[in-house]
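Notes for the one structure printed next.
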Amino acid sequence: MHVDSLLGDIQDTNLSYLLLVQRLLNEDRATAMFRLKLTESMADLLASLSVKQLGQLSRTNQLLCRLCFDDPEQLVKLIHDPRDQGLGQTHAALLMASVPTVTQFTATSAGR
């Protein structure tokens with residue numbers, strides 16, 4: 001039962017994430033692509049998905065979103081950053097911008 005609850009949480013998170021991605025892409029495409037590290041073709045695909053397709057895609061047992069940081073030292077720098085809040089956000093943006101773009105799923109897997 002605990003596994004079912006976790007799976008439900010993952011699926012809910014996936015759907016929330018996909019809806020947020022679409023909203024961000026619709027409101028400010030360039031910024032969304034930068035923040036989400038999406039290629040042009042992935043942004044086109046995600047923006048074009050129907051509600052039904054978003055639901056299908058969200059019903060996986062894997063999280064579709066992931067942390068941008070692969071290096072734990074980057075997180076440590078953000079957590080223990082003594083800068084004032086305004087500069088801290090700029091520092092975080094610079095650290096995240098340095099992480100290469102990774103495509104989370106392909107067009108063929110999204111259409112299933």
Side-chain angles (χ1 to χ4, degrees):
M1 181 128 171
H2 180 66
V3 172
D4 290 337
S5 175
L6 289 175
L7 182 59
D9 290 344
I10 288 171
Q11 292 173 350
D12 290 346
T13 301
N14 284 342
L15 184 58
S16 295
Y17 173 73
L18 291 169
L19 291 169
L20 176 62
V21 167
Q22 277 195 333
R23 191 174 112 215
L24 290 171
L25 287 169
N26 289 331
E27 290 179 7
D28 186 347
R29 184 180 178 83
T31 301
M33 288 176 59
F34 173 76
R35 286 185 175 165
L36 300 169
K37 304 196 181 320
L38 296 176
T39 63
E40 186 78 30
S41 59
M42 184 59 75
D44 290 341
L45 175 62
L46 289 168
S48 72
L49 293 176
S50 69
V51 174
K52 181 180 178 183
Q53 289 170 319
L54 292 176
Q56 289 172 332
L57 191 54
S58 71
R59 288 189 294 274
T60 181
N61 62 353
Q62 298 293 315
L63 280 172
L64 297 177
C65 58
R66 69 179 194 93
L67 284 176
C68 291
F69 305 106
D70 292 324
D71 182 5
E73 283 301 311
Q74 288 181 318
L75 278 180
V76 170
K77 288 176 185 175
L78 287 177
I79 294 167
H80 300 310
D81 187 9
R83 295 175 176 93
D84 109 27
Q85 185 61 28
L87 291 177
Q89 290 176 350
T90 303
H91 185 237
L94 290 171
L95 282 174
M96 288 188 282
S98 68
V99 178
T101 300
V102 176
T103 304
Q104 296 296 319
F105 45 89
T106 62
T108 55
S109 66
R112 289 184 193 163

Is Val51 linked to Leu20 within one hydrophobic cluster, defined over Ile, Leu, Val, Met, Phe, Trp and Tyr using a side-chain heavy-atom separation of less than 4.5 Å? no
If you measure from CG on Asn61 to CG on Leu6, what distance do you get to the nearest 0.5 Å? 11.5 Å
Which residues pass the side chain to side chain donor-acceptor pair (under 3.5 Å) test with Glu73, sequence neighbours left out? none
Salt bridge (Lys or Arg N to Asp or Glu O under 4.0 Å): pairs with one or both residues in residues 45-64, sequence neighbours excluded: none
Here the gap from Leu63 atom CG to Ser58 atom OG, rounded to the nearest 0.5 Å, amounts to 11.5 Å
Looking at residues at least two apart in the chain, or sitting in another chain, which of them share a side-chain contact (heavy atoms from CB on, under 4.5 Å) with Ser16? none
Residues two or more places apart in sequence or in another chain: which of them pass side-chain contact (heavy atoms from CB on, under 4.5 Å) with Leu25? Val21, Arg29, Ala32, Met33, Leu38, Ala43, Leu46, Ala47
Nearest heavy atoms of Asp28 and Thr31, plus distance in Å: OD2-OG1, 2.8 Å
Heavy-atom pair of closest approach, residues Tyr17 and Leu36: OH-CD2, 4.1 Å
Under the side chain to side chain donor-acceptor pair (under 3.5 Å) test, which residues partner Ser41, sequence neighbours left out? Thr39
Under the side-chain contact (heavy atoms from CB on, under 4.5 Å) test, which residues partner Leu54, sequence neighbours left out? Leu15, Leu18, Leu19, Gln22, Leu49
